[in-house]
Undergrad: 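The structure that follows is given in the form of structure tokens.
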Amino acid sequence: VLVVAEVALALLLTLGAADLLASRWLGSDPGRMLALWAVGWWVIRAGSQLAFGRRAGDWAFVALFSVAALVHAAAVLR
């Protein structure tokens with residue numbers, strides 16, 4: 001579990017850094033592909049949160065991760 005958490009953290013940091021530089025890459029075809037990949041990752045992350053439980057906090061994280069997916073999807077459709 002610890003290894004998975006470390007990988008997820010590294011991915012989140014990388015995705016965050018890419019998002020900070022989005023104005024440089026978002027209009028390109030590879031940038032759109034990266035944003036689509038991020039949409040998929042956030043959807044999977046939102047769904048996998050329910051494996052931890054179905055308490056109010058779990059649903060809050062599902063909502064948060066779903067919003068992140070929607071933001072990336074909106075960037076692709078822009």
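Because the structure is predicted, anything quoted here is derived from the model rather than measured.
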Undergrad: Would Leu11 and Phe61 show up in the same hydrophobic cluster when neighbours are defined by side-chain heavy atoms closer than 4.5 Å?
TA: yes
Undergrad: Would you check, one step at a time, whether the test side-chain contact (heavy atoms from CB on, under 4.5 Å) holds for Trp41 with Leu12?
TA: CA-CA 10 Å; Trp41 192 86; Leu12 287 172; 3.6 Å; yes
Undergrad: Please name the pair of heavy atoms, one in Trp59 and one in Arg54, separated by the smallest distance, quoted to 0.1 Å.
TA: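 Distance-wise, the nearest heavy atoms are NE1-O, 3.2 Å.
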Undergrad: According to a 4.5 Å side-chain heavy-atom criterion applied to Ile, Leu, Val, Met, Phe, Trp and Tyr, with indirect links allowed, do Trp37 and Leu21 form part of one hydrophobic cluster?
TA: yes
Undergrad: How close do Gly53 and Asp58 get, counting heavy atoms only, and between which atoms?
TA: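 Distance-wise, the nearest heavy atoms are C-OD2, 3.1 Å.
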Undergrad: So which atom in Leu36 and which in Val76 form the shortest heavy-atom distance, rounded to 0.1 Å?
TA: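 Looking at all heavy atoms of both residues, the closest pair is N-CG2, 3.9 Å.
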Undergrad: Do Phe65 and Ile44 have side chains that get closer than 4.5 Å, going by heavy atoms?
TA: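 They are not in side-chain contact.
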Undergrad: Might you point out which heavy atoms bring Ala38 and His72 nearest each other, and give the distance in Å?
TA: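 Shortest heavy-atom separation between Ala38 and His72 comes out as CB-CD2, 3.5 Å.
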Undergrad: Is there a side-chain contact between Trp42 and Leu15, using heavy atoms and a 4.5 Å cut-off?
TA: yes
Undergrad: Could you grab the distance from atom CG of Asp19 to atom CG of Leu26, nearest 0.5 Å is fine?
TA: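 Answer for the CG-CG pair, Asp19 versus Leu26, is 9.0 Å.
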Undergrad: For Ala18 versus Leu34, what's the shortest heavy-atom pair and its separation?
TA: CB-CD2, 4.2 Å
Undergrad: Between atom OG of Ser66 and atom CD of Gln49, what is the distance when rounded to the nearest 0.5 Å?
TA: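 One gets 10.5 Å once the value is rounded to the nearest 0.5 Å.
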Undergrad: Taking all atoms of both residues into account, what is the closest heavy-atom pair of Trp25 and Ser28, and its distance?
TA: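 Taking every non-hydrogen atom into account, O-OG, 2.7 Å.
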